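These notes concern the structure reproduced below.
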Amino acid sequence: MNNKSKNFYITTPIYYVNDVPHIGHAYTTVICDTIANFNRWLGKDVNFLTGTDEHGQKVEKSALKAGIDPQRFTDEVSKSFFNLAKKLEINNTDFIRTTEKRHKKSVIELWKKLEENGNIYLGKYSGWYSVRDEAFYSEDEINEDKDGNKIAPNGSELEWVEEPSYFFKLSSWQDKLLKFYKDNQEFISPKSRYNEVVSFVNKGLEDLSISRTTFKWGIPVPDNNDHIIYVWLDALTNYISALNYTNSKDNNWKTFWPANIHVVGKDILRFHAVYWPAFLMAAGIEIPLKVYAHGWWTVDGKKMSKSTGNVVSPDYIIDKYGLDQFKYFLLREVRFGQDGDFSENALVKRVNSDLANDYGNLAQRVLSFIYKNNEALIPNKGTLDKVDKDLLYAMDNIKDKIINHMNNYKITDALEELWLIIRKSNTYIDEQAPWALKKTDLERMNTVLYVLCSVIKNVSLIAKNFIPIGANKILDQLSINKNKREYANFYDELISGTKLSKPEGVFPRLEIKE
Ligand code: ME8
């Protein structure tokens with residue numbers, strides 16, 4: 001690995017503090033954590049950033065409604081996202097808040113750079129604005145609801161805004177953006193989203209209003225405090241302010257920029273795939289390698305919303321069904337990039353079939369058999385038959401495929417691949433039937449169990465990036481040292497005669513509990 005490919009930088013969106021964390025936020029965070037874990041496992045130096053977006057009209061309104069001043073309000077609500085990260089036991093390296101000094105400094109610096117390069121001018125904005133999306137919409141995007149109110153394509157309410165405003169010369173970046181997309185076809189994933197963005201930019205870009213004057217909660221424009229910097233310009237900068245971009249000598253900046261991947265929901269693709277690269281180009285900063293837009297979760301077939309009362313709390317699901325179970329469902333149920341539907345029934349079904357019946361059962365039946373019949377010791381390897389070699393070869397092959405899938409962010413494919421070897425191993429144990437060999441051929445029984453332990457070890461080394469708690473428990477039961485669980489340990493041979501700890505079921509069957 002050369003130095004650049006040894007480092008890996010991944011980000012979640014920074015979440016608005018006006019909302020309570022729900023499974024949608026948890027999803028993006030879990031996806032990023034898994035990708036981060038996997039890359040760390042491969043031996044890379046990983047920087048994984050998440051955080052909260054705390055400025056803007058929407059947050060100011062929510063603070064007003066709650067009757068508290070915005071700083072106190074954001075301090076409190078930011079904590080709930082910080083606590084979600086803790087509850088999910090993610091391995092983030094940083095948590096950024098846009099109200100922090102380090103962030104404000106970078107936003108001001110970026111603004112000045114854009115101004116110096118002639119990309120900002122003062123004008124007047126009149127048009128439609130959605131406070132919910134913190135976004136401007138052009139006339140051709142606007143619809144009307146049944147009462148004749150103007151609404152955005154996603155249904156959010158619009159208000160007419162007319163005020164002095166600074167503009168970013170987005171229109172002059174249209175051709176450069178199109179060229180950039182053409183030269184970097186991997187910049188936006190999935191492909192359907194890439195096409196969507198290209199066609200949006202092809203239609204023509206208007207200059208972007210990047211300051212507001214009708215509220216105060218944000219970062220003032222340098223030398224003109226009447227203006228507050230547009231919350232998206234402020235928020236997007238988090239990805240570089242966390243690396244201390246204002247200090248070009250900072251090691252984090254030199255090591256981790258450009259980011260390998262920004263993971264976002266499809267709702268905020270335009271900001272990340274059009275505005276962000278335009279700002280960066282205009283400021284002479286390198287553009288990230290990829291923006292991945294994932295799909296949208298509904299709940300029991302309906303859009304999640306406070307008014308419908310169907311917002312699902314991750315804490316509730318984790319306490320009821322378990323953290324690995326929740327993560328596995330999110331990662332496996334829906335192909336990364338596509339929409340999905342959350343229901344407790346689907347979660348229970350998925351967990352019972354894949355975790356309890358397949359993986360958990362494989363580990364439990366092998367380990368408890370050894371515990372009872374081989375004095376809890378890793379058996380002798382003996383001589384491998386073709387069928388043993390085939391299984392070990394398949395494991396090796398699948399490991400390579402999984403690495404390839406994960407390097408291409410195909411998380412669901414990676415899990416499908418891992419389950420192929422788990423199911424193959426369950427078939428192998430049924431066919432080799434160590435319980436029968438116990439009576440006829442102890443040497444062969446030992447070999448079969450040894451092969452199974454090797455596969456369970458390697459499956460768990462990979463699985464711990466996705467479902468760390470259970471996979472690490474299985475590795476504990478196999479007496480694999482905690483610091484021997486990296487990719488580099490994949491080819492470590494198990495040592496016959498090693499004492500195993502008492503096996504315990506790791507993924508119990510779930511029942512729907514009312
Ligand atoms: O947009 N399904 O913050 P936000 C899937 N502050 N993902 C969902 C989801 C759902 N139903 N609901 C939310 C913002 N998400 C800005 C971002 S970044 C510089 C600024 C996830 O709190 C998804 O990742 O509205 C979505 O993009 C993000 O939460 C939006 O979070």
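Just follow the structure's listing: the first ligand is 1, and inside any ligand the first atom is 1. Bear in mind that the values here come from a model prediction, so they are computed numbers and not experimental data.
Proximity to G295 (heavy-atom distance under 4.0 Å) selects the following atoms of ligand 1: 5 (C). Shown in contact with H294 at under 4.0 Å from a heavy atom are these atoms of ligand 1, numbered in order with element: 5 (C), 7 (N), 23 (C), 24 (O). Short contacts between ligand 1 and M304, defined as distances under 4.0 Å to a heavy atom of the residue, involve ligand atoms 11 (N). The contact set between ligand 1 and W297, taken as ligand atoms under 4.0 Å from a residue heavy atom, comprises 2 (N), 5 (C), 10 (C), 11 (N). The distance from ligand 1 to the heavy atoms of H22 drops below 4.0 Å at these ligand atoms: 9 (C), 12 (N), 13 (C). The distance from ligand 1 to the heavy atoms of H25 drops below 4.0 Å at these ligand atoms: 22 (O), 29 (O). Ligand 1 places these atoms under 4.0 Å from at least one heavy atom of H272: 18 (S), 19 (C).
Remark: K79 is not positioned above the aromatic ring of F82, lacking an NZ or CZ atom under 6.0 angstrom from the ring centre and at most 45 degrees off the axis. A cation-pi contact links R212 to Y129, judged by a cut-off of 6.0 Å to the six-membered ring centre and 45° from its axis. The cationic atom of R270 (NZ for Lys, CZ for Arg) lies less than 6.0 Å from the six-membered ring centre of F200 and within 45° of the ring axis.
Remark: R335 engages D413 in a salt bridge, criterion side-chain N to carboxylate O under 4.0 Å. For the pair K320 and D315, the salt-bridge criterion is not met [side-chain N within less than 4.0 Å of a carboxylate O].
Considering only non-hydrogen protein atoms, atom 17 (C) of ligand 1 sits nearest to I14 O, 3.1 Å. Regarding atom 21 (C) of ligand 1, its nearest protein heavy-atom neighbour is T28 OG1, 3.5 Å. If you check which protein heavy atom lies closest to atom 26 (C) of ligand 1, you get D267 OD1, 3.4 Å. Nearest protein heavy-atom contact of atom 1 (O) of ligand 1 is I268 CG2, 3.5 Å. Looking at atom 4 (P) of ligand 1, its nearest protein heavy atom turns out to be Y16 CD1, 3.7 Å.
For F342 and F329, the distance between ring centers is under 6.0 angstrom.
When the options I14, T74, N18 are evaluated for a side chain to side chain contact (heavy atoms under 4.5 Å, CB included) with E54, the one that passes is T74.
At least one N/O-N/O distance between D53 and ligand 1 falls below 3.5 Å. Looking at G265 next to ligand 1, an N or O pair under 3.5 Å apart turns up. In terms of polar-atom proximity, defined here as any N/O pair under 3.5 Å, P13 makes no such contact with ligand 1. Of the polar atoms of Y27, none of the N or O atoms is found under 3.5 Å from an N or O of ligand 1, judged by distance alone. Not a single N or O atom of W232, backbone or side chain, sits closer than 3.5 Å to an N or O atom of ligand 1.
Scanning F271, Y15, Y239, F81 for the heavy atom closest to atom 18 (S) of ligand 1 points to Y239.
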